[in-house]
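Letters go in sequence order (proteins before strands), and every chain restarts at 1. Just so it is clear, the model here is predicted, and its values are computed rather than measured. Keep in mind that the numbers below use all heavy atoms, side chains included, and drop hydrogens, waters and symmetry copies.
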2 protein chains.
Amino acid sequence: MDHLDEKACKSAGMAVRDTLDTINGKWKLLILLTLFKGGKRRFRELSKEINISPRVLSRELQELEMNKLVSRTVSDTRPVTIEYNITPYCQTLGPVLRAMKEWGEQHRVEILGKKSV
Amino acid sequence: MDHLDEKACKSAGMAVRDTLDTINGKWKLLILLTLFKGGKRRFRELSKEINISPRVLSRELQELEMNKLVSRTVSDTRPVTIEYNITPYCQTLGPVLRAMKEWGEQHRVEILGKKSV
DNA sequence: GTAAACAGTTACAAAAAGGATACTGCTATG
DNA sequence: CATAGCAGTATCCTTTTTGTAACTGTTTAC
């Protein structure tokens, strides 16, 4: 963050806020990481695995899908099966998550590891 | 994000969540940016400038202070004046905010700029 | 044809976040 | 001594988020 005038600052704020909003909430990150590490899942599977009620899961998946971070594919087996997965686009979040992970780690040390200041 | 096993994934998730929690909420980012661009402020000044109720502002500032992102200094003028400012440590958030700003900007294009898919 | 699984939705309840307003204790100014 | 400003806190209220549980409609297996 450097040399930002009034306008640049406000628009930067909006962009940051957009990012914040798309990965925010109690579940979004967990859903993404779960799909990331274990691959595609069906609705019930996810629901049981991370212990989230269907109502909430449904909403979260819809939002993630709107943001193109998660794909929903219907296979016409009988009965139809529906699978959720992370999208290739989701990879673009990599730098953001990496930066957040690193800061979070060092911050934990900063806060907890230095009681004597 | 690559080659993360179960454990690494979980701890990365925690670190990301920590970061998320410290800058989350309706006001934290705005407060930081306001102090960043305009320098130190007093309680009432902030309250009026960004139009936040004292109750909420008080809580937010306390949380930011606990996370060492904002400093609170008491000058013993008469009457005492208290000034809030961002800390040098707050600069460490730079990479995170930059990454989020960039993703937010490109994401807006991705979502709004391509209606015909 | 009854039960059970799937992918959700609906209606309702609880909890968390945010907001409005009045108030405290202090000092200074008229 | 009344008024006003400062830095908050206390009380009450509204909105948003999250959770619980029951229910759709479809299909398959018994």
Side-chain angles (χ1 to χ4, degrees), chain A residues 13-14 16-35 38-67 69-86, chain B residues 13 16-35 38-67 69-87:
Chain A
M14 279 178 43
V16 175
R17 160 109 2 220
D18 283 349
T19 304
L20 219 37
D21 289 344
T22 88
I23 58 177
N24 201 6
K26 192 169 170 183
W27 297 106
K28 295 212 178 57
L29 211 59
L30 181 56
I31 292 172
L32 290 180
L33 286 175
T34 302
L35 290 173
K40 62 186 175 185
R41 297 281 205 308
R42 296 162 69 179
F43 190 87
R44 298 276 179 180
E45 289 177 323
L46 267 180
S47 174
K48 277 166 198 159
E49 190 166 347
I50 64 184
N51 204 36
I52 179 179
S53 75
R55 185 181 101 76
V56 177
L57 179 58
S58 176
R59 258 194 354 88
E60 301 288 278
L61 285 172
Q62 279 173 30
E63 287 178 29
L64 288 169
E65 203 193 342
M66 285 190 332
N67 282 311
L69 298 176
V70 154
S71 64
R72 176 182 187 275
T73 17
V74 184
S75 314
D76 59 350
T77 50
R78 333 220 12 61
V80 286
T81 51
I82 290 157
E83 292 183 319
Y84 292 92
N85 204 352
I86 52 178
Chain B
V16 174
R17 161 114 355 229
D18 284 349
T19 303
L20 219 38
D21 289 345
T22 90
I23 59 177
N24 201 6
K26 192 170 173 185
W27 298 107
K28 296 213 177 57
L29 211 58
L30 182 54
I31 292 172
L32 289 180
L33 286 175
T34 302
L35 291 174
K40 62 186 176 187
R41 295 282 204 310
R42 295 163 67 180
F43 190 87
R44 298 274 180 182
E45 289 176 325
L46 267 179
S47 174
K48 277 165 198 159
E49 190 166 344
I50 66 184
N51 204 36
I52 178 179
S53 76
R55 185 182 100 76
V56 178
L57 179 58
S58 176
R59 259 194 354 88
E60 300 289 279
L61 285 173
Q62 279 172 29
E63 287 178 30
L64 289 169
E65 203 194 342
M66 285 190 332
N67 281 311
L69 297 175
V70 154
S71 65
R72 176 183 187 274
T73 18
V74 184
S75 314
D76 60 351
T77 50
R78 333 218 15 59
V80 288
T81 51
I82 288 156
E83 294 183 317
Y84 292 93
N85 204 351
I86 52 178
T87 61

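Regarding A:E60, its CD atom lies at a distance of 17 Å from the C1' atom of C:dA7, rounded to whole Å. Rounded to whole angstrom, the span from the CD atom of B:Q62 across to the C1' atom of C:dA17 amounts to 16 Å. One interatomic measurement links the two molecules: CG of A:L61 to C1' of C:dA7, which rounds to 11 Å at whole-angstrom precision. Rounded to an integer number of Å, the gap from A:F43 CZ to D:dT26 C1' is 16 Å. In this structure, CG of B:L57 is placed 13 Å from P of C:dG18, rounded to the nearest angstrom. Residue B:E63 contributes atom CD, which lies 15 Å from atom P of D:dG8 at whole-angstrom precision. Distance B:D21 CG to C:dA17 P: 9 Å, rounded to the nearest Å. We find that CD1 of B:I52 is positioned 14 Å from P of C:dA17, with the value rounded to whole Å.
In this structure, the side chain of B:S71 does not engage the main chain of B:T87 through any donor-acceptor pair within 3.5 Å. Although no hydrogens or angles enter the test, the distance criterion places no donor-acceptor pair under 3.5 Å between the side chain of B:S47 and the main chain of B:S53. Side chain of A:S58 to backbone of A:P54: no donor-acceptor contact under 3.5 angstrom is found. Between the side chain of B:R78 and the backbone N or O of B:D76, no donor-acceptor pair lies under 3.5 Å.
In this structure, of D:dT28, C:dA7, D:dT18, it is D:dT18 that holds the atom nearest to the side chain of A:R59. Distances were taken from every side-chain heavy atom of B:K48 (C-beta onward) to each of C:dG19, D:dT9, D:dC6; the shortest belongs to D:dC6. In this structure, the nucleotide among D:dT18, C:dG19, D:dT28 sitting nearest to the side chain of A:K26 is D:dT18. Residue A:I82 places its side chain closer to C:dA7 than to any other of D:dG8, C:dT9, C:dA7. Taking every side-chain heavy atom of B:R78 into account, C:dA28 is the closest of C:dA28, C:dG8, C:dT21.
Using a 4.0 Å heavy-atom distance criterion, B:R42 is classed as a sugar-phosphate-only contact. Within 4.0 Å of B:R44, counting heavy atoms only, lies at least one base atom of the nucleic acid. As judged by a 4.0 angstrom heavy-atom cut-off over every strand, A:E83 is placed among residues making no nucleic acid contact.
When the side-chain nitrogen and oxygen atoms of A:S58 are compared with OP1 and OP2 of C:dT9, one or more of them lie within a distance under 4.0 Å. Dashed line: the shortest gap from a side-chain N or O of B:W27 to OP1 or OP2 of C:dG19 is under 4.0 Å.
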Query raised in the report: Run the side chain to side chain contact (heavy atoms under 4.5 Å, CB included) check on A:I82 and A:F43 step by step: do they pass?
Result: CA-CA 7 Å; A:I82 290 157; A:F43 190 87; over 6 Å; no
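Residue-to-nucleotide proximity on DNA chain D shows that, of A:K28 and B:P54, the 5′-proximal contact is made by B:P54.
No N or O donor and acceptor, one from the side chain of B:R55 and one from the base of C:dT21, sit under 3.5 Å apart.
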